[in-house]
Amino acid sequence: MTMIELKFGQRKVVNFRGARKVVGGLTEKNKIDILLYISKEFANADKEEELYDIVISLCKDIFECDNTTLRMWKGNLLVPSRFLKETVPPRRDLSPDEGYSGFTFKTRMPLLIQDLTHHAEYIDEGETTRAVMCVPIMYKEDCLGTIAVESDTEFFYREDDLEILEALGSQLALAITSVRLIQGLVHANEREAQILKQLEWDMRMGRNVQSQIVETAIAPWNGLHFGTYYEPMTEVSGDYFNVVRQGNSITAIIVDVSGHGIPAALVTMSIHYQFQRCTSLGMGLSETLAELGESIRPQLPDGTYFTAFILKVYSDYTYSYVNAAHQKMLHYHNGHGRIEELDTQGVPLGIFEVERSNFEEKHGRILPGDILFLPTDGITEQKNEQRQELGNQRFIEWIRQEKSTIEEQRDKIYVSDLVGSLIGRFKRYKGDMRNGDDVSLLALQCNPELGKAKTLLSLAKSAAKAKKDQVAYDKALEVFSMDESLKDSLVLLGKMYYRDRNFEKSVQFLEKYIKTSGEESEHIHYLLGRAYYELENIPEAKRALKRSLAIDHTYAKSSLRLARCYLKDNETPKAIKVLQQGIKSAPTNEYLKISLKKLEELVKRKSGDLVVSEQRKEAV
């Protein structure tokens with residue numbers, strides 16, 4: 001087997017500003033290459049045993065590990081099925097309550113431990129492993145096994161290493177589905193009835209794995225509400241959509257990969273991870289599409305390509321969009337009932353080399369009550385029993401008719417009901433005809449009451465500024481009752497309750513603000529950490545304050561408050577370390593210097609008192 005050729009330096013663990021850091025390792029480009037190569041290697045395997053060998057070899061090359069252990073659930077135990085090398089003491093079968101593999105199996109959650117010397121409960125006596133990543137291999141609610149990547153060096157892995165390992169585990173589940181399908185067909189003549197049942201189970205397994213990256217229940221964002229429909233032609237799909245929140249904007253994408261079944265589904269997984277990476281780096285829409293095309297094209301199966309439509313909506317409800325040869329976006333204008341077909345110049349991805357200049361970007365605005373529709377061609381190209389294609393114009397007329405019917409029953413947010421009504425009509429239209437393609441639809445509706453909500457919110461802000469607290473609370477809470485996703489009302493209520501020392505309410509609104517908006521600012525996480533501290537929930541306070549410092553390590557307020565958290569837990573050395581790190585990051589901050597000096601003097605004084613006490617005991 002030819003393994004992936006990656007060019008990266010050897011990993012090393014170094015001390016940097018008082019913390020253990022990994023240098024070398026994977027670049028962002030390495031990660032995408034790895035994900036694509038994993039898909040390709042798994043697709044070429046004919047037996048489960050070959051998949052196991054591929055997993056071990058990939059982990060060795062990607063993570064530079066000292067050992068890798070693949071355990072599969074057999075009977076009532078986790079049985080070592082493959083490993084890089086035998087250990088001392090030798091590996092043994094584990095129950096779900098034993099070791100890091102047992103913990104991962106039992107909780108169904110990925111695990112990253114930087115130093116196992118502080119977690120003796122996870123290893124057998126005599127084991128040399130110090131850093132470990134462990135992920136589950138999931139089917140529905142059941143865990144098929146675990147993959148553990150192990151190093152004899154502490155702090156050898158990072159969170160992005162764990163993300164790659166999770167992706168490998170997900171793709172392994174899909175690959176097992178495909179291999180079992182092939183292995184089952186070999187014995188079809190002998191056990192036809194059993195094979196049919198197994199095929200159904202295997203394909204459903206693949207659909208379950210893919211559903212982990214295609215979220216169909218999308219929570220509202222800042223007055224925008226979502227309706228979705230997702231139906232693979234077989235159990236797995238070549239369609240993909242996603243919405244990423246970025247505080248002051250959201251980015252939505254819908255993709256249609258040519259072909260069907262497992263090969264197309266594997267491509268959607270690579271698109272998912274690449275899209276997540278591009279949005280996290282703040283790339284523009286055309287740049288994101290070009291990056292998608294160029295990163296994935298070399299690894300695509302022969303004859304495979306994909307189309308995509310990408311949309312970005314901002315806090316002021318303007319939007320930008322770019323089309324890469326996908327279906328047009330439909331904009332229903334609530335004010336006059338017109339449906340606008342929106343398109344740009346663009347090319348499909350994966351066929352030939354592309355760059356930003358191959359794509360045109362256009363702009364628009366979504367007003368209260370307006371709806372944006374992003375379909376795949378599985379809807380408009382579907383034929384009925386008379387062999388008539390649905391077509392775009394017929395679908396547009398359906399939108400008008402079904403919207404009118406629903407508005408007679410309700411006048412508020414109805415996008416989910418509208419999507420359901422459209423799909424119901426779609427199914428009646430096709431009758432007994434099978435779906436000709438994967439079917440997907442993503443719709444975004446701007447709250448029809450947004451104008452009224454914005455007026456009330458403006459009054460609430462003015463009242464808060466004028467210190468008319470009751471009026472401010474009344475107006476802000478009224479806005480919240482109209483739409484719980486409006487981020488300005490959430491952050492206003494969170495800060496007002498914080499100011500008034502109602503920390504329980506403050507936590508409620510700040511947590512919802514962060515989750516709903518996708519906001520990642522050091523100040524918001526500091527406020528949340530401070531509120532948790534006042535509620536004496538120190539573990540959550542630490543989590544929020546560490547997040548604040550991860551966003552901006554120079555934010556001195558978070559360093560000071562985190563040090564106080566450690567003092568609350570009688571962890572003085574950690575408090576000192578936090579302050580020292582804070583001073584390195586913000587060397588001009590006098591509060592940090594004064595706090596560190598006082599704490600060091602306190603430790604020195606306590607140490608002196610202890611010496612005197614011991615001397616007195618000896619004298620007696």
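Note that these values count all heavy atoms, side chains included, but never hydrogens, waters or copies made by symmetry. Numbering starts at 1 and runs along the sequence shown.
Aromatic ring orientation, Tyr230 versus Phe241: perpendicular (interplanar angle above 60°, classes split at 30° and 60°). Ring orientation note: the planes of Tyr319 and Tyr321 are tilted relative to one another, at an angle of 30° to 60°.
Side-chain atoms of Ser280 come within 3.5 Å of backbone atoms of Arg277 as a donor-acceptor pair (strictly under, hydrogens ignored). In this structure, the side chain of Thr279 engages the main chain of Gln276 through a donor-acceptor pair within 3.5 Å. With hydrogens and angles ignored, the 3.5 Å screen pairs no side-chain donor or acceptor of Thr251 with any backbone N or O of Lys312. The closest donor-acceptor contact from the side chain of Thr153 to the backbone of Phe156 lies at 3.5 Å or more, if one exists at all. A donor-acceptor contact shorter than 3.5 Å is absent between the side chain of Asp500 and the backbone of Asn502. The closest donor-acceptor contact from the side chain of Ser481 to the backbone of Glu478 lies under 3.5 Å. Of the possible donor and acceptor atoms, one in the side chain of Thr455 sits under 3.5 Å from a partner among the backbone N and O of Gly451. Remark: side-chain polar atoms of Ser489 are not paired, donor with acceptor, to backbone N or O of Ala476 under 3.5 angstrom. A donor-acceptor pair is defined here as one N or O able to donate and one able to accept, closer than 3.5 Å; no such pair exists between the side chain of Asp417 and the backbone of Tyr414. Side-chain atoms of Lys505 do not come within 3.5 Å of backbone N or O of Leu493 as any donor-acceptor pair.
Using a 4.0 Å cut-off between charged nitrogen and carboxylate oxygen, Arg130 and Asp115 do not count as a salt-bridge pair. Comment: Asp469 engages Arg499 in a salt bridge, judged by a side-chain N to carboxylate O separation of less than 4.0 angstrom. A salt bridge is defined here as a Lys NZ or Arg NE, NH1 or NH2 lying under 4.0 Å from an Asp or Glu carboxylate O, and Glu571 with Lys542 meets this definition. Using a cutoff of 4.0 Å between basic side-chain nitrogens and carboxylate oxygens, Glu601 and Lys604 are not scored as salt-bridged. Look at Arg365 and Asp370 and you find no salt bridge, because none of the NZ, NE, NH1 or NH2 atoms lies under 4.0 Å from a carboxylate O. For Glu407 and Lys403, the salt-bridge test passes: some basic side-chain N is under 4.0 Å from an acidic carboxylate O. A salt bridge does not link Glu519 with Lys487: every distance from a Lys NZ or Arg NE/NH1/NH2 to an Asp or Glu carboxylate oxygen is 4.0 Å or more. The residues Lys557 and Glu522 are annotated as not salt-bridged, no charged nitrogen and carboxylate oxygen being separated by less than 4.0 angstrom.
Minimum interatomic distance between Gln114 and Tyr157 (heavy atoms only, all atoms of both residues): NE2-O, 2.7 Å. Closest non-hydrogen pair, Pro110 versus Val135, comes out as CB-CG1, 4.0 Å. Nearest heavy-atom pair across Leu289 and Val322 is CD1-CG1, 3.4 Å. Pairing each heavy atom of Cys134 with each of Thr146, the nearest pair is SG-CB, 4.0 Å. Nearest heavy-atom pair, Ala563 versus Val578, reported as atom, atom and distance to 0.1 Å: N-CG1, 4.1 Å.
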Step-by-step salt bridge (charged side-chain N to carboxylate O under 4.0 Å, His left out) determination, Glu540 to Arg543: CA-CA 5 Å; Glu540 287 300 318; Arg543 179 187 63 82; 2.7 Å; yes
Steps toward ring-ring contact (aromatic ring centres under 6.0 Å, His included) verdict (His525, His523): CA-CA 5 Å; His525 284 281; His523 182 62; over 10 Å; no
The test is side-chain hydrogen bond (donor to acceptor under 3.5 Å, both in side chains); show your working for Thr376 and Asp239 and say whether it passes. CA-CA 8 Å; Thr376 57; Asp239 284 0; 3.1 Å; yes
Check the pair Phe509, Phe480 against ring-ring contact (aromatic ring centres under 6.0 Å, His included), reporting the backbone distance first and the verdict last. CA-CA 10 Å; Phe509 285 102; Phe480 180 73; 5.1 Å; yes
Show the numbers, then the answer: is there a salt bridge (charged side-chain N to carboxylate O under 4.0 Å, His left out) between Lys461 and Asp488? CA-CA 10 Å; Lys461 290 179 177 178; Asp488 284 353; 3.4 Å; yes
As a quick check of understanding, evaluate side-chain hydrogen bond (donor to acceptor under 3.5 Å, both in side chains) for Asn334 and Tyr332, giving each step before the final call. CA-CA 6 Å; Asn334 193 55; Tyr332 180 92; 4.8 Å; no
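Inter-residue side-chain proximity for Leu486 and Val479 is flagged as met; some heavy-atom pair is nearer than 4.5 Å. Contact annotation: the side chain of Asp161 approaches that of Arg158 to within less than 4.5 Å [non-hydrogen atoms, C-beta and beyond]. The shortest side-chain heavy-atom distance between Val313 and Ser249 does not fall under the 4.5 Å cut-off. Using a 4.5 Å heavy-atom cutoff, the side chains of Leu450 and Tyr317 are in contact. At a threshold of 4.5 Å between non-hydrogen side-chain atoms, the residues Phe309 and Ile253 do not count as touching. Side-chain atoms of His225 and Leu444, non-hydrogen and from C-beta on, never get closer than 4.5 Å to each other.
In this structure, the separation between OG1 on Thr228 and CG on Leu441 is 8.0 Å, given to the nearest 0.5 Å. Atom CE in Met138 sits 5.5 Å away from atom CZ in Arg108 (nearest 0.5 Å).
Looking at residues two or more places apart in sequence or on another chain, you find a side-chain contact (heavy atoms from CB on, under 4.5 Å) between Ile594 and Lys598. Remark: Glu534 pairs with Arg501, Phe503, Arg530, Arg561 by the side-chain contact (heavy atoms from CB on, under 4.5 Å) rule, at least two apart or across chains.
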